[in-house]
Amino acid sequence: MGLMSYIKDRLPTVKYGSRVVYGRRSPFRPATHAARSFNGAASNNLTASWGTAPETIDSVLSKDLTALRTRSREQARNNDYARRFVSMAKSNIVGPQGVVLRSQVNFPRGKPDQAAREAIEGAFKRWGRDCDVGGRNSWKDMQRLILGTVAIDGEALVREHRDGALNDCGLGLELVDPVLLDIRYNDVLAGGNIIRMGVEMNKLRRPVAYHLIDPAISPSATYFSGSNNHTRVPAGEMHHIFVQEYPGQTRGVPWMATALMRLNMLGGYEEAALVNARVGASKLGVITTEGGDYIGDDADSDGSPVVDAGDPGSWFQLREGESIQGYDPTYPTGEFPDFVKACLRGIASGLGVHYNILANDLEGVSYSSIRQAVIEDQEIWKGLQEWLIDSFVRPMFDSWLDSALGNGAIDVGGVQLSYGQKRRYARSAWQPRRWSWIDPLKDVQANVAAVDAGFTSRSAVIREMGSDPDDVWAEVETENELMDKYGVAVVGADFGGSPDGEDE
């Protein structure tokens, strides 16, 4: 008896029709192996370089933020698409007028206190012309500078300085380079506070103070070459502005972080393709001799021959025994535009904008598709506008109001507004940038229909257009009075009503 026959005789059998199967396993039941439920968690040769050890966001930022910020700044300086994105962010989030204050002060019974509103708005506008301690930027300029800093560096630091010599409100702003918030500084203090990447926090992780590096005197030195001494700035004097994307996040992430690799590689690719195209257009040639000696057009300092790479249309006179070997690179050809578009689509996705707008490419784009893209982008910009208002503009206004009332910088008819009513005077709304209608006639008709149906108010429509309802009502009233005075037919007389109130 053979070995296999011996084994088969002792195995249980299962009969399936005319087929006999040895062993207990059904031939239709696959072998079970330990398998992961998610492919993204698999460990194999394709995922060997893909990390699986969990890290907190602060742990990652403590290692990567310096490199991310440095590369983001370099791309913003040298990459056209990165610069375009920063410009788009400033234009759409802040806009040409900045985020504008609309005071909503009311009398105790709820009626608008128009005199106080105008006084507060006027005082704030005057302060905005001289709010920078350096005397370089207005309130609008500061907003754009802050937004650009956040887009590139991931965060911005604005320090308040209270000094009666600065302006009549006694308050000035200083935009601090985020690099000076020492990412290397981590410590546990005796009182229980911790310092993480330069930010001092209490046990509830609420910022208590910010530790800034004393900047180097030489402008050519890196910030690491400055003094190791730190200036402790209380949190009440500092606005740390960044979009928090993770729980427990202490520092901001550059907005271009996920797109940096593609931006850099695409820039290098375009440069190489451009150089190659220029060389090909020049129709270069190499001069050779019968003996294989290389003959250059010139010689450098060590005597090595140098070929002039370049003058289009140049002709050379050959000596006896010399010949020309042509060099005519043809790249790039038809694949260049499609490849660039593919890269830019990925970059645009990482930046949160549409490709056609980032790349200024409207070729083959229909009206409906670009309209949808513009509307989607505007919704993203609106969200970031609200973030900017909540994280900086409104808190900054509260600080200004406190200082302005305390210094008697706001008055109505020569009577200073009382500091004791600061809470009432703090009622405000903020008007960020709004955009022109894509299809004005249809959009106006849609708004008229919505107002007639009671779905919205005239004031809401006016605010969406970027104007203040109070200003519009006053201007319409004045205009109608003048038209009536000069005998001109009054239009829009039935466009009456009163502006809607705005919640604090």
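Here D141 pairs with R144 in a salt bridge; the nearest charged N to carboxylate O distance falls below 4.0 Å. Checked for salt-bridge contact, R77 and E74 miss the test: no charged N lies under 4.0 Å from a carboxylate O. Under 4.0 Å is where a charged nitrogen must lie from a carboxylate oxygen, and between E237 and R162 no such pair does.
More than 12 non-hydrogen atoms from other residues, nucleotides or ligands lie less than 6.0 angstrom from CD of E335.
Between the D182 side chain and the L212 main chain, no donor and acceptor come within less than 3.5 Å of each other. Side-chain N or O atoms of D177 include one that pairs as donor or acceptor with a backbone N or O of V179 at under 3.5 Å. In this structure a side-chain-to-backbone donor-acceptor pair under 3.5 Å is present from N167 to L171. Distance alone, capped at 3.5 Å, places no donor-acceptor pair between the R102 side chain and the W430 backbone. Side chain of N92 to backbone of M88: a donor-acceptor contact under 3.5 angstrom is found.
Every residue meeting the ring-ring contact (aromatic ring centres under 6.0 Å, His included) condition with F339, not counting sequence neighbours, appears here in chain and number order: Y269. R232 is linked by a salt bridge (Lys or Arg N to Asp or Glu O under 4.0 Å) to E200, counting only residues two or more places apart in sequence or in another chain. Listed by chain and residue number, R424 satisfy the side-chain hydrogen bond (donor to acceptor under 3.5 Å, both in side chains) test with D113 (two or more places apart in sequence, or in another chain).
Residue pairs satisfying the salt bridge (charged side-chain N to carboxylate O under 4.0 Å, His left out) criterion with at least one member in residues 85-95, sequence neighbours excluded, are absent. Legend: ring-ring contact (aromatic ring centres under 6.0 Å, His included) pairs involving residues 139-175, not counting sequence neighbours, sorted by first then second residue: F124-W139, W127-W139, W139-F392.
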Intermediate values then yes/no, side-chain hydrogen bond (donor to acceptor under 3.5 Å, both in side chains), S138 and D132: CA-CA 7 Å; S138 67; D132 182 8; over 6 Å; no
Test side-chain contact (heavy atoms from CB on, under 4.5 Å) applied to F85 and D80, step by step: CA-CA 9 Å; F85 168 71; D80 298 321; over 6 Å; no
Which donor-acceptor pairs under 3.5 Å do side chains of residues 148-156 form with protein atoms, sequence neighbours excluded?
{"residue": "T149", "atom": "OG1", "partner": "L145", "partner atom": "O", "Å": "2.8"}
{"residue": "D153", "atom": "OD1", "partner": "R73", "partner atom": "NE", "Å": "2.9"}
{"residue": "D153", "atom": "OD2", "partner": "R73", "partner atom": "NE", "Å": "3.4"}
{"residue": "D153", "atom": "OD2", "partner": "R73", "partner atom": "NH2", "Å": "2.8"}
{"residue": "E155", "atom": "OE1", "partner": "H240", "partner atom": "NE2", "Å": "2.8"}
{"residue": "E155", "atom": "OE1", "partner": "R251", "partner atom": "NE", "Å": "3.1"}
{"residue": "E155", "atom": "OE1", "partner": "G252", "partner atom": "N", "Å": "3.2"}
{"residue": "E155", "atom": "OE2", "partner": "R69", "partner atom": "NH2", "Å": "2.7"}
{"residue": "E155", "atom": "OE2", "partner": "R251", "partner atom": "NE", "Å": "3.0"}
{"residue": "E155", "atom": "OE2", "partner": "R251", "partner atom": "NH2", "Å": "2.7"}

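Side-chain N/O atoms of Y246 and D58 include no donor and acceptor closer than 3.5 Å.
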